[in-house]
Amino acid sequence: MKYTIPTTTLPVQEIVPQVINHFQDNTTLIVKAPPGAGKSTLLPLTFLNESWLEGKKIIVLEPRRLAAKTIATRMSQLLGEQAGETVGYRIRFETKISDKTRIEVVTEGILTRMLQTDNTLKDVALVIFDEFHERSIHADVALALCREAQLTKRNDLRLLIMSATMDLPELSAKLKAKIIESEGRQYPVEIHYTGVTDMHLLPELTARVVSKASKDNKGDILVFLPGQAEINACRDLLDNKLSNTVVHTLYGQLPFAQQQAALLPDQTGKRKVVLATSIAETSLTIEGVTTVVDSGFGKRSKFDPQSGLSRLETVNISVDAADQRAGRAGRLSAGTCYRMWSKAQHETLQKHHQPEIEITDLSSLVLEMAVWGISNIYNMVWLTPPPQSHVKQAKETLHYIDALDRNKVTAHGKKIHQLPCNPRIAHMLLMAEKLEQEALATDIAAIIEEKDPLTIKEAGVDINERIKALRRFRRNDGKGRAFGLIERVARSYRDLMEIEVENEGFDSFMTGLLLAHAYPERVAFARPGNQSQFQLANGTYAQFSHKDSLSRESWVSVSHIDAREGTGKIFMASPLNPKDLKGMVKTAVSVHWDLISNDLIVHTELRIGKIVLKSFPMDDPTDEERSRALCDVVKKDGRELLHFTPEFEQWQAAMFRAQQQHPLAQFPDVDTESLLLTCDDWLTPFADEIEEKDDLKKLDLLQIISARIPKELLKLVD
DNA sequence: CTCTCCCT
């Protein structure tokens with residue numbers, strides 16, 4: 001079959017001969033092209049008649065569902081066809097593919113599934129990674145796995161990486177691939193730097209810049225702010241201040257209809273100001289924008305391997321993101337962009353934004369690799385290797401839910417991997433079978449995974465209110481597009497687990513127990529004497545974002561939390577009966593000091609994670625139990641319990657300087673934090689000398705620690 | 001000052 005490949009006036013057309021030529025006898029290529037060059041639609045089509053295709057398929061990987069559909073549709077139009085003929089797409093819950101299909105545009109989760117069922121992609125000749133500069137964890141993993149296939153069983157597999165901007169020389173070196181560059185088609189955007197800003201005054205400062213921008217420019221204005229709070233504050237400042245102008249807000253949590261209103265031109269012909277989050281950077285396009293005001297900040301979720309929780313941080317955006325935002329003003333004609341920072345600050349910004357693999361929970365990734373039988377994930381080709389501390393935390397999580405046993409996948413782990421969701425949620429679904437609560441678990445799973453369908457203002461923080469509303473929706477007396485999306489996910493789980501839908505009442509405490517299986521470390525207990533604070537099983541503290549009857553419970557299971565410094569914020573939870581948690585209670589040994597005698601007393605404790613249920617003195621601890629308990633307490637409170645002399649602190653500083661001066665020498669870390677963490681090594685030999693609290697203060701740290709350091713290293717220290 | 005974005 002010979003295809004008629006369209007010729008276009010798209011800028012990327014110029015590089016087509018080079019690209020075709022390159023793939024004659026090479027397998028990997030990087031194409032750099034800015035948005036609007038037409039790379040996503042034109043390039044995949046140009047390969048249709050290549051002999052190396054040998055009847056196999058081309059896979060195009062897209063980071064978003066909407067993009068996958070529109071790109072497949074546009075390619076089909078270029079061929080004079082409908083989507084689903086030569087070019088088709090596959091996204092979750094929607095497939096348009098036929099026997100004729102040679103190009104499949106798929107989203108990231110789909111490619112991961114394809115790789116699972118066929119490690120070598122034997123029906124595929126070429127994988128195209130679109131928008132690779134976004135550096136999503138899925139794209140990074142898929143590239144690593146495709147590279148692995150290329151290096152082992154598929155040396156004919158072709159890979160094309162398409163990217164706007166990123167550290168391309170590094171990628172090129174790692175993949176030993178050539179870079180071909182294409183021009184874009186973008187109108188010029190004039191950049192104004194408005195000077196130094198203050199993160200805490202963003203709404204006020206932004207409102208001021210918007211007022212100026214609206215006087216000096218014509219056309220609609222798109223404003224980038226970090227989050228909902230800043231957007232609403234800025235809207236309140238701007239409302240009715242600008243003549244003949246409507247102010248819209250735009251962010252992910254906003255109901256669909258309001259999002260649409262912000263995207264479409266104003267019905268009454270008024271000028272539009274849209275206050276948006278980074279959702280308007282790539283995902284949604286607003287027509288008619290001539291002017292962009294960029295606050296320079298955005299929010300990113302950062303995973304903390306210590307607690308296993310993540311938190312939202314307001315951060316400076318990268319140069320890449322700033323360029324992307326400015327580009328939104330030059331889509332239809334020349335435009336203007338106001339950057340709310342100084343030229344000097346601009347030089348200090350990160351060039352590229354941080355790849356997701358560095359800041360996210362890795363439990364899915366680690367499980368995936370274990371199923372592939374990859375024993376050491378660092379043996380693969382990574383553009384950015386996953387951080388070791390995050391991998392360690394992921395392994396602990398997977399061991400805890402019995403998915404891994406000494407780094408090998410268990411039978412339970414394989415079942416978890418089969419389910420199309422996060423391993424913790426999959427574990428909960430499987431545990432629900434034993435409790436005969438599958439129907440409730442599938443509803444919970446869908447609600448946790450999707451966007452909250454209700455607002456905290458209207459429904460509080462109890463997840464059970466969402467379950468009730470979902471069941472009302474299914475009985476046909478509920479409404480809301482959001483519940484339609486959730487029900488679709490819930491139904492897919494019911495189909496996989498072969499269970500019937502349930503719309504009757506249910507037990508809220510069962511919700512708490514099921515959630516405790518997914519998030520055991522988030523079981524929380526109200527601190528005695530401090531009604532509003534809860535202690536989580538992971539040892540951290542949290543508060544409800546909103547006070548209602550749930551926040552007055554003494555035990556809750558938390559599903560949504562933002563781990564802030566100090567006290568975290570709980571956004572969704574369920575009541576919990578602690579008696580249901582019998583299997584999770586562990587016995588631990590700890591030390592206490594008797595306040596009157598000042599003696600060291602060893603206790604046995606019953607705990608759920610770090611929440612102590614019961615504590616009683618232990619009559620006859622072994623030396624090992626005693627020293628382990630002692631080390632635990634030093635790890636926690638060592639800064640107060642040990643005596644850090646000025647001489648010792650000077651020595652720590654000298655060690656640090658010596659390491660700086662001799663980067664090749666392997667000095668052990670002797671900063672206070674590292675010492676406390678490793679106290680099992682150096683404190684244990686002295687444990688039997690510690691009988692009361694003050695004995696710890698008598699330890700000569702300088703002598704104890706320096707004695708453990710090789711002589712030749714000590715010579716390098718002043 | 002209630003939470004950015006995306007996906008099986």
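Naming: A, B, ... by sequence-line order, numbering from 1 per chain. Computed from heavy atoms alone, side chains included, the values below leave out hydrogens, waters and symmetry copies.
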Salt bridge flag under 4.0 Å for residues [X] and [Y]:
X        : Y        : answer
A:Glu433 : A:Lys415 : no
A:Glu104 : A:Lys57  : yes
A:Arg339 : A:Asp323 : yes

Under the rule of Watson-Crick or G-U wobble with both distances under 3.5 Å, where | means paired to another strand and [ ] a crossing pair, DNA chain B maps to ........
For atom [atom1] of [X] and atom [atom2] of [N], their distance in whole Å:
X        : N     : atom1 : atom2 : result
A:Ile570 : B:dT2 : CD1   : C1'   : 14 Å
A:Leu115 : B:dC7 : CG    : C1'   : 15 Å
A:Arg64  : B:dT8 : CZ    : P     : 12 Å
A:Ile425 : B:dC7 : CD1   : C1'   : 13 Å
A:Leu225 : B:dT2 : CG    : P     : 17 Å

Atom pairs and distances, side-chain donor-acceptor, residues 199-206 of chain A, under 3.5 Å, sequence neighbours left out:
residue	atom	partner	partner atom	Å
A:Thr206	OG1	A:Leu202	O	2.5

Please list, chain by chain and in numerical order, all residues satisfying side-chain contact (heavy atoms from CB on, under 4.5 Å) with A:Gln116, sequence neighbours excluded. A:Thr112, A:Arg113, A:Glu368, A:His417
For DNA chain B, which residues of residues 446-461 of chain A approach it to below 4.0 angstrom with any heavy atom? A:Glu449, A:Lys457
Partners meeting salt bridge (Lys or Arg N to Asp or Glu O under 4.0 Å) with A:Glu281 (sequence neighbours left out): A:Arg325
Could you tell me whether the side chain of A:Leu159 reaches within less than 4.5 Å of the side chain of A:Leu143, counting heavy atoms only?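 Yes, close enough: below the 4.5 Å cut-off.
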Contact class for A:His546 vs. all strands (heavy atom < 4.0 Å): base, sugar-phosphate, or nothing?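 The answer is nothing, as A:His546 stays clear of every strand by at least 4.0 Å.
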Qualifying side chain to side chain donor-acceptor pair (under 3.5 Å) pairs with a residue from residues 459-469 of chain A, counting only residues at least two apart or across chains: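 Applying side chain to side chain donor-acceptor pair (under 3.5 Å) to every pair that reaches into residues 459-469 of chain A, excluding sequence neighbours, yields A:Asp452-A:Arg466, A:Asp462-A:Asn464, A:Asn464-A:Thr511, A:Asn464-A:Ser574, A:Glu465-A:Lys468.
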